[in-house]
**Q** 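Right, I'll just put the structure down here and ask away after.
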Amino acid sequence: MENNIYSQELEEMRSQVAILKKKLDKQTIISDTHIRNSMISKRSDMTRIIAATIFVGMLSVPYCTWIFYKFGLSLYFIVATDIMLAVCLWITIKQRCTLKNMDFTQGNLVGVAEKLNKVKTHYHEWIKIGLPLILLWVSWLAYEVLTNMEPSPMQVGFLTGSAVGVIIGGFVGYRINRKIVAKSAEILKQIQELQNI
């Protein structure tokens, strides 16, 4: 009789453990899905920001070429500016393609984390390359304007407008850069959380 009671209690406990295990598995699946959807959303934000940057970059190449030519700046400066903008544009497009091709829906996120870490490092390190490049370009622009334009209010206006444009562009570019780095870090943290589930 006692064995029968213990057997029933044991069966009931096994049944409750099985129900609890199913609930935990379901909770893990929901948590996994929620985290993956969050990562996809952050990746979409990043690709949208980068797409806007690409759009502005594509407009700047013909605009800068036209405006610098119109104001009589040297062909060397115009070509160097176009090459600089084209290279920056190509690198940005490449980073966007890398992000766009990341698959957060599959089980293994190790490869995704490696690619995302490269994107994050690129944007983090880009300041070290971009800032000296911009300083060199701005110095050359000032030299070109002072050398090729007659001293006039137009020359002062061109230099002032260029300075304001560089400051605003630098500020916006820096903020975009920080957003991409921050969102990449958030996704990498979520990948780590998923691997610990």
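For the numbers below, each heavy atom of this structure counts, side chains included, while hydrogens, waters and symmetry mates do not.
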**Q** Can Ile187 and Met102 be said to form a side-chain contact (heavy atoms from CB on, under 4.5 Å), step by step?
**A** CA-CA 12 Å; Ile187 294 173; Met102 289 181 190; over 6 Å; no

**Q** Please list, chain by chain and in numerical order, all residues satisfying side-chain contact (heavy atoms from CB on, under 4.5 Å) with Leu136, sequence neighbours excluded.
**A**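 Partners of Leu136 by the side-chain contact (heavy atoms from CB on, under 4.5 Å) criterion come out as none, since no residue qualifies.
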
**Q** Can you confirm whether Lys120 sits close enough to Lys115 that some side-chain heavy atom of one is under 4.5 Å from a side-chain heavy atom of the other?
**A**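 Counting from C-beta outward, Lys120 and Lys115 never come under 4.5 Å.
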
**Q** What is the distance from atom CG of Asn117 to atom CG of Leu188, rounded to the nearest 0.5 Å?
**A** 5.5 Å

**Q** Rounded to the nearest 0.5 Å, what's the gap from CG on Leu89 to CD1 on Ile93? Could you check?
**A**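 Leu89 CG to Ile93 CD1: 4.0 Å, rounded to 0.5 Å.
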
**Q** Once you round to the nearest 0.5 Å, how far does OG1 of Thr81 lie from CG of Leu73?
**A** 8.5 Å

**Q** Does a side-chain heavy-atom distance below 4.5 Å link Lys42 with Gln190?
**A**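 Counting from C-beta outward, Lys42 and Gln190 do come under 4.5 Å.
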
**Q** Report the C-alpha distance between Cys88 and Trp126 in whole Å, list the side-chain angles of each, state the deciding distance to 0.1 Å, and finish with yes or no for side-chain contact (heavy atoms from CB on, under 4.5 Å).
**A** CA-CA 10 Å; Cys88 292; Trp126 182 243; 3.9 Å; yes

**Q** Just how far is it from atom CZ of Arg43 to atom NZ of Lys100, taken to the nearest 0.5 Å?
**A** 6.5 Å

**Q** When you compare the side chain of Ile91 with that of His122, does any pair of heavy atoms fall below 4.5 Å?
**A** yes

**Q** In terms of hydrophobic clustering (I, L, V, M, F, W, Y; side-chain heavy atoms under 4.5 Å; direct or indirect links), are Tyr143 and Leu133 co-clustered?
**A** yes

**Q** When rounded to the nearest 0.5 angstrom, what distance separates CD1 in Ile54 from CD in Gln95?
**A** 10.0 Å

**Q** I'd like to know whether CD of Glu125 has more than 12 heavy-atom contacts from other residues, nucleotides or ligands below 6.0 angstrom.
**A**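 More than 12 within 6.0 Å, yes.
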
**Q** Kindly indicate, with the supporting measurements, whether the criterion side-chain contact (heavy atoms from CB on, under 4.5 Å) is fulfilled by His124 and Arg178.
**A** CA-CA 8 Å; His124 185 71; Arg178 295 297 92 201; 3.8 Å; yes

**Q** Are Thr92 and Arg96 close enough that some pair of their side-chain heavy atoms sits under 4.5 Å apart?
**A**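 No, side chains not in contact.
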
**Q** What's the separation between atom OG in Ser74 and atom OH in Tyr69, rounded to the nearest 0.5 Å?
**A** 12.5 Å

**Q** Would you say Tyr63 and Val138 are hydrophobically clustered, going by side-chain heavy atoms of ILVMFWY under 4.5 Å?
**A** yes

**Q** Check whether any side-chain heavy atom of Leu85 lies under 4.5 Å from a side-chain heavy atom of Cys64, and answer yes or no.
**A**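 They are in contact (side-chain heavy atoms under 4.5 Å apart), so the answer is yes.
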
**Q** Count I, L, V, M, F, W, Y as connected when their side-chain heavy atoms are under 4.5 Å apart, and connections chain through other members. Are Ile67 and Leu146 then in the same cluster?
**A**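 They do share one cluster, since a chain of ILVMFWY contacts under 4.5 Å joins Ile67 to Leu146.
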
**Q** Which atoms form the tightest heavy-atom contact between Leu141 and Phe158, and what is the distance?
**A**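 Scanning both residues, the minimum pair turns out to be CD1-CE2, 4.0 Å.
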
**Q** Do Val61 and Val172 share a hydrophobic cluster, counting only Ile, Leu, Val, Met, Phe, Trp and Tyr and linking them when any side-chain heavy atoms are less than 4.5 Å apart?
**A** no

**Q** Between Phe77 and Trp140, what is the ring plane arrangement, given parallel below 30°, perpendicular above 60°, and tilted in between?
**A**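 Taking Trp140 first and then Phe77, their aromatic rings stand perpendicular (interplane angle over 60°).
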
**Q** Go through Met46 and Leu116 one step at a time and tell me if the side-chain contact (heavy atoms from CB on, under 4.5 Å) criterion holds.
**A** CA-CA 11 Å; Met46 290 166 65; Leu116 186 59; 4.2 Å; yes

**Q** Please tell me if the side chains of Ile168 and Val164 come closer than 4.5 Å, counting only heavy atoms from C-beta onward.
**A** yes

**Q** Test of understanding: with side-chain contact (heavy atoms from CB on, under 4.5 Å), list the residues that count as partners of Trp90, not counting sequence neighbours.
**A**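 In terms of side-chain contact (heavy atoms from CB on, under 4.5 Å), with neighbours along the sequence ignored, Trp90 is linked to Lys94.
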
**Q** Give the minimum heavy-atom separation between Thr47 and Ser44, together with the two atoms involved.
**A**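 In terms of heavy atoms, the two residues are closest at OG1-O, 3.0 Å.
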
**Q** When hydrophobic residues are tied together by side-chain contacts of less than 4.5 Å, even through go-betweens, does Ile49 share a cluster with Phe171?
**A**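 In one cluster: no.
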
**Q** Compare every heavy atom of Phe71 with every heavy atom of Met154, then report the nearest pair and how far apart it is.
**A**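 Heavy atoms only, the tightest pair is SD-CE2, 3.7 Å.
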
**Q** Does the distance from a Lys or Arg side-chain N to an Asp or Glu carboxylate O, for Asp45 and Arg48, drop under 4.0 Å?
**A** yes

**Q** Measuring only between side-chain heavy atoms, which start at C-beta, is Glu144 closer than 4.5 Å to Phe68?
**A** no

**Q** Measuring only between side-chain heavy atoms, which start at C-beta, is Tyr174 closer than 4.5 Å to Ile127?
**A** yes

